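See structure below.
Residue numbering restarts at 1 for every chain, and letters A, B, ... go by the order of the sequence lines. Remember, predicted model here, so these are calculated numbers, not experimental data.
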2 protein chains.
Amino acid sequence: MDKSLISAPIPTIRRLPKYIHMLKRLKIENVLYVSATTIAHELKIEPILVRKDLSITGIIGKPKVGFEVEELIASITQFLNWNNTEDAFIIGVGALGEAILGYSGFKDYGLNIIAGFDIDKKKIGKKIFGVEILPLDSLEDLIKRMHINIGVLTVPASESQEICDSMVSSGIKAIWNFSPIALQVPDEVILENVHLSQSLAVLTHKLAKKLKG
Amino acid sequence: MDKSLISAPIPTIRRLPKYIHMLKRLKIENVLYVSATTIAHELKIEPILVRKDLSITGIIGKPKVGFEVEELIASITQFLNWNNTEDAFIIGVGALGEAILGYSGFKDYGLNIIAGFDIDKKKIGKKIFGVEILPLDSLEDLIKRMHINIGVLTVPASESQEICDSMVSSGIKAIWNFSPIALQVPDEVILENVHLSQSLAVLTHKLAKKLKG
DNA sequence: TTATAATCGATAATTTTATATCGATAATAA
DNA sequence: TTATTATCGATATAAAATTATCGATTATAA
Ligand SMILES: NC(=O)c1ccc[n+]([C@@H]2O[C@H](COP(=O)([O-])OP(=O)(O)OC[C@H]3O[C@@H](n4cnc5c(N)ncnc54)[C@H](O)[C@@H]3O)[C@@H](O)[C@H]2O)c1
Ligand SMILES: NC(=O)c1ccc[n+]([C@@H]2O[C@H](COP(=O)([O-])OP(=O)(O)OC[C@H]3O[C@@H](n4cnc5c(N)ncnc54)[C@H](O)[C@@H]3O)[C@@H](O)[C@H]2O)c1
């Protein structure tokens with residue numbers, strides 16, 4: 001049975017990486033077992049929620065001791081399909097694009113960026129963190145020929161819908177969008193947005209209440 | 001009555017910036033009125049949910065026409081307290097920190113980064129995008145003296161708890177954390193995490209289901 | 001060996017969030 | 001002027017997510 005085929009609530013999926021972060025640290029510290037209670041305490045969530053989240057990945061715990069750390073990492077990783085890294089393109093190698101390109105951590109999250117695309121002639125042809133920057137013209141052809149499923153979109157907001165359309169027409173399956181725009185994509189294309197403004201909204205609203213209230 | 005003092009569900013707060021993005025575009029296009037139906041259609045959410053979200057900011061719509069675009073922008077902005085930008089420090093001016101520092105968009109989201117801090121001597125003393133980079137040693141003193149409320153944390157994960165503790169002891173009120181770590185802060189300190197792995201988890205999980213299922 | 005304590009995991013209850021219904025309102029057209 | 005239509009916003013319902021309860025299990029200590 002392939003774990004990554006099971007459905008889960010989005011909130012659960014979003015918490016799973018938090019568990020992985022903690023578990024990997026525990027592994028480094030040579031901790032063999034960890035209980036839902038311990039995880040919950042560190043991550044400030046309820047133990048019962050931790051157990052529910054973990055159980056969806058198929059792991060079975062041991063009463064009195066908890067879960068085996070390595071087994072749990074493997075279970076979550078399989079569930080997220082992070083054991084199979086997907087090759088991806090990034091479009092727009094500016095400040096943010098370059099930071100993402102240079103971040104080695106994403107390989108642990110199932111993402112392997114193998115090429116960047118830009119319109120800036122000063123960037124095209126160069127290698128950034130070992131990844132070649134290619135002209136935008138070649139994007140469509142390469143998505144098709146290399147069967148790329150994921151596009152990371154870090155172009156200016158004004159350009160993103162156009163690039164998005166171009167990727168979609170080339171058969172891209174999922175777009176990880178960083179531009180502050182509500183991209184229009186067909187139902188079958190997975191769109192995941194990183195809108196930092198959303199996170200900041202929560203922060204500023206809470207802070208305003210704290211300072212004034 | 002100060003709008004930013006009203007409580008709202010977190011999901012609502014997280015959607016508000018999406019409305020602002022769309023509304024600002026409409027304003028540029030000289031659109032005067034917009035209905036919840038129109039917003040809902042573009043953002044792929046239910047009209048009733050849009051109305052509920054907007055109503056929490058105190059706006060009152062007009063039957064048959066909808067909401068006045070400018071008034072609605074003002075209403076949401078006030079609710080999020082984005083009309084009062086907060087001065088902030090950023091700690092760790094690496095690839096990501098520099099991208100954030102250079103991003104002019106955050107001023108529209110109530111955040112004004114006025115100084116960066118790092119331990120890298122090559123960076124200290126320089127100005128990046130007009131913002132001075134100062135030595136980490138001066139962080140605590142400056143938070144206190146300048147009454148800084150927000151710290152943006154973009155140091156390596158191994159360093160972040162220590163810097164976090166240092167900011168907390170200097171009286172910081174809110175931390176916007178980008179490192180993949182569950183920071184421990186006292187209850188009264190607002191902690192907002194940007195864990196890109198969470199977003200990626202949703203994407204990879206959906207993609208795996210799509211490709212295999 | 002037996003009692004104790006911690007934890008798991010199934011089921012139930014509660015809370016939160018999203019959606020549906022419908023009368024009231026205001027613009028538009030007959 | 002009056003009918004029609006789109007939309008708002010209050011109230012009600014449904015769905016989703018979280019939290020509580022409790023018997024079963026197993027390591028640890030008496
Ligand atoms: N920098 C941040 O912290 C930050 C934060 C939130 C959102 N964003 C969003 O991320 C995106 C990128 O931001 P940035 O700060 O890196 O901007 P940037 O200007 O530094 O980089 C944009 C890059 O895209 C390239 N580009 C422009 N048009 C292109 C096209 N049609 N095809 C391919 N490449 C093209 C440019 O040459 C440049 O290299 C923007 O949409 C921005 O709103 C950035
Ligand atoms: N780059 C990305 O796309 C990305 C994505 C997700 C998360 N992150 C996280 O963001 C953080 C920064 O990532 P990055 O790619 O910019 O790393 P980076 O190595 O480019 O930058 C880190 C910066 O922090 C400085 N620094 C180190 N120790 C410090 C200390 N004690 N005090 C002050 N400054 C210190 C370094 O000199 C450097 O300038 C990391 O925690 C990383 O895991 C980055």
Side-chain angles (χ1 to χ4, degrees), chain A residues 3 6-19 22-23 26 31-73 75-76 79 198 201-202 205-206 209, chain B residues 3 6-19 22-23 26 31-76 79 198 201-202 205-206:
Chain A
K3 283 178 184 177
I6 303 161
S7 301
I10 300 286
T12 292
I13 298 177
R14 292 182 60 85
R15 279 188 297 268
L16 292 178
K18 295 196 183 188
Y19 302 134
M22 174 175 179
L23 292 164
L26 293 177
V31 176
L32 294 179
Y33 283 90
V34 66
S35 71
T37 317
T38 307
I39 296 175
H41 184 256
E42 175 161 331
L43 304 186
K44 309 261 167 55
I45 43 187
E46 293 297 318
I48 174 65
L49 189 53
V50 175
R51 288 210 294 278
K52 269 217 159 172
D53 285 346
L54 300 183
S55 75
I56 213 162
T57 71
I59 190 92
I60 291 181
K62 251 189 185 173
K64 187 78 196 248
V65 286
F67 302 86
E68 209 195 318
V69 171
E70 285 217 37
E71 194 188 342
L72 190 44
I73 293 173
S75 185
I76 299 174
F79 181 83
Q198 296 191 336
V202 176
H205 180 71
K206 284 185 182 171
K209 279 188 63 177
Chain B
K3 283 177 183 177
I6 303 161
S7 299
I10 300 286
T12 291
I13 298 178
R14 293 182 60 85
R15 279 187 296 267
L16 292 178
K18 295 195 184 188
Y19 302 133
M22 175 174 176
L23 292 165
L26 292 178
V31 177
L32 294 179
Y33 282 90
V34 65
S35 71
T37 317
T38 307
I39 296 176
H41 183 256
E42 174 160 331
L43 302 186
K44 307 263 166 54
I45 44 188
E46 294 297 317
I48 174 65
L49 189 54
V50 175
R51 287 209 296 277
K52 267 214 159 174
D53 285 346
L54 300 183
S55 77
I56 213 161
T57 72
I59 189 94
I60 291 181
K62 249 189 186 173
K64 187 81 196 242
V65 287
F67 302 86
E68 208 195 319
V69 171
E70 285 217 38
E71 195 189 343
L72 189 46
I73 293 174
S75 186
I76 300 174
F79 182 82
Q198 296 190 336
V202 177
H205 180 71
K206 283 186 184 169

I need the minimum non-hydrogen distance between A:Y19 and A:V50, along with the two atoms involved.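 So the minimum-distance heavy-atom pair works out to OH-CA, 3.7 Å.
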What are the two closest non-hydrogen atoms of A:A8 and A:I56, and how far apart are they?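 For A:A8 versus A:I56, the nearest heavy atoms are CB-CD1, 3.3 Å.
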Once you round it to whole Å, what is the distance between [atom2] of [N] and [atom1] of [X]?
{"X": "B:I10", "N": "C:dT16", "atom1": "CD1", "atom2": "P", "answer": "12 Å"}
{"X": "B:L32", "N": "C:dA27", "atom1": "CG", "atom2": "P", "answer": "14 Å"}
{"X": "A:L54", "N": "C:dT7", "atom1": "CG", "atom2": "C1'", "answer": "13 Å"}
{"X": "A:E46", "N": "C:dC8", "atom1": "CD", "atom2": "P", "answer": "14 Å"}
{"X": "A:L72", "N": "C:dT7", "atom1": "CG", "atom2": "P", "answer": "15 Å"}
{"X": "B:L16", "N": "C:dT17", "atom1": "CG", "atom2": "P", "answer": "13 Å"}
{"X": "B:H41", "N": "D:dA6", "atom1": "NE2", "atom2": "P", "answer": "15 Å"}
{"X": "B:I45", "N": "C:dA20", "atom1": "CD1", "atom2": "P", "answer": "14 Å"}

Could you measure the distance from the [atom1] atom of [X] to the [atom2] atom of [Y]? Nearest 0.5 Å is fine.
{"X": "A:I48", "Y": "A:D53", "atom1": "CD1", "atom2": "CG", "result": "10.0 Å"}
{"X": "A:I60", "Y": "A:L54", "atom1": "CD1", "atom2": "CG", "result": "12.5 Å"}
{"X": "B:L49", "Y": "B:R15", "atom1": "CG", "atom2": "CZ", "result": "4.0 Å"}

Any side-chain donor near an acceptor of the partner, A:S75 and A:K3, under 3.5 Å: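 A donor-acceptor contact under 3.5 Å links the two side chains.
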Start at the 5' end of DNA chain D and walk down; is the nucleotide closest to A:T12 or to A:V65 reached first?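 Nearest-nucleotide comparison on DNA chain D picks A:T12.
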In B/S/- notation, 5' to 3', how is nucleotides 9-14 of chain D contacted by protein heavy atoms closer than 4.0 Å? BB-B--
Could you tell me whether B:E42 atom CD has more than 12 heavy atoms of other residues or ligands within 6.0 Å of it?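 Yes, because the 6.0 Å sphere around CD of B:E42 holds more than 12 heavy atoms from other groups.
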Between A:T37 and B:D53, which residue's closest nucleotide on DNA chain C lies nearer the 5′ terminus?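 In this pair, the answer is A:T37.
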Side-chain donor/acceptor contact of B:K64 with base of D:dT5 under 3.5 Å: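 Indeed there is one.
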Taking the minimum atom-to-atom distance to the side chain of A:P11, which one of D:dT18, C:dA26, C:dC8 wins?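 Nearest to the side-chain atoms of A:P11, counting from C-beta on, is D:dT18.
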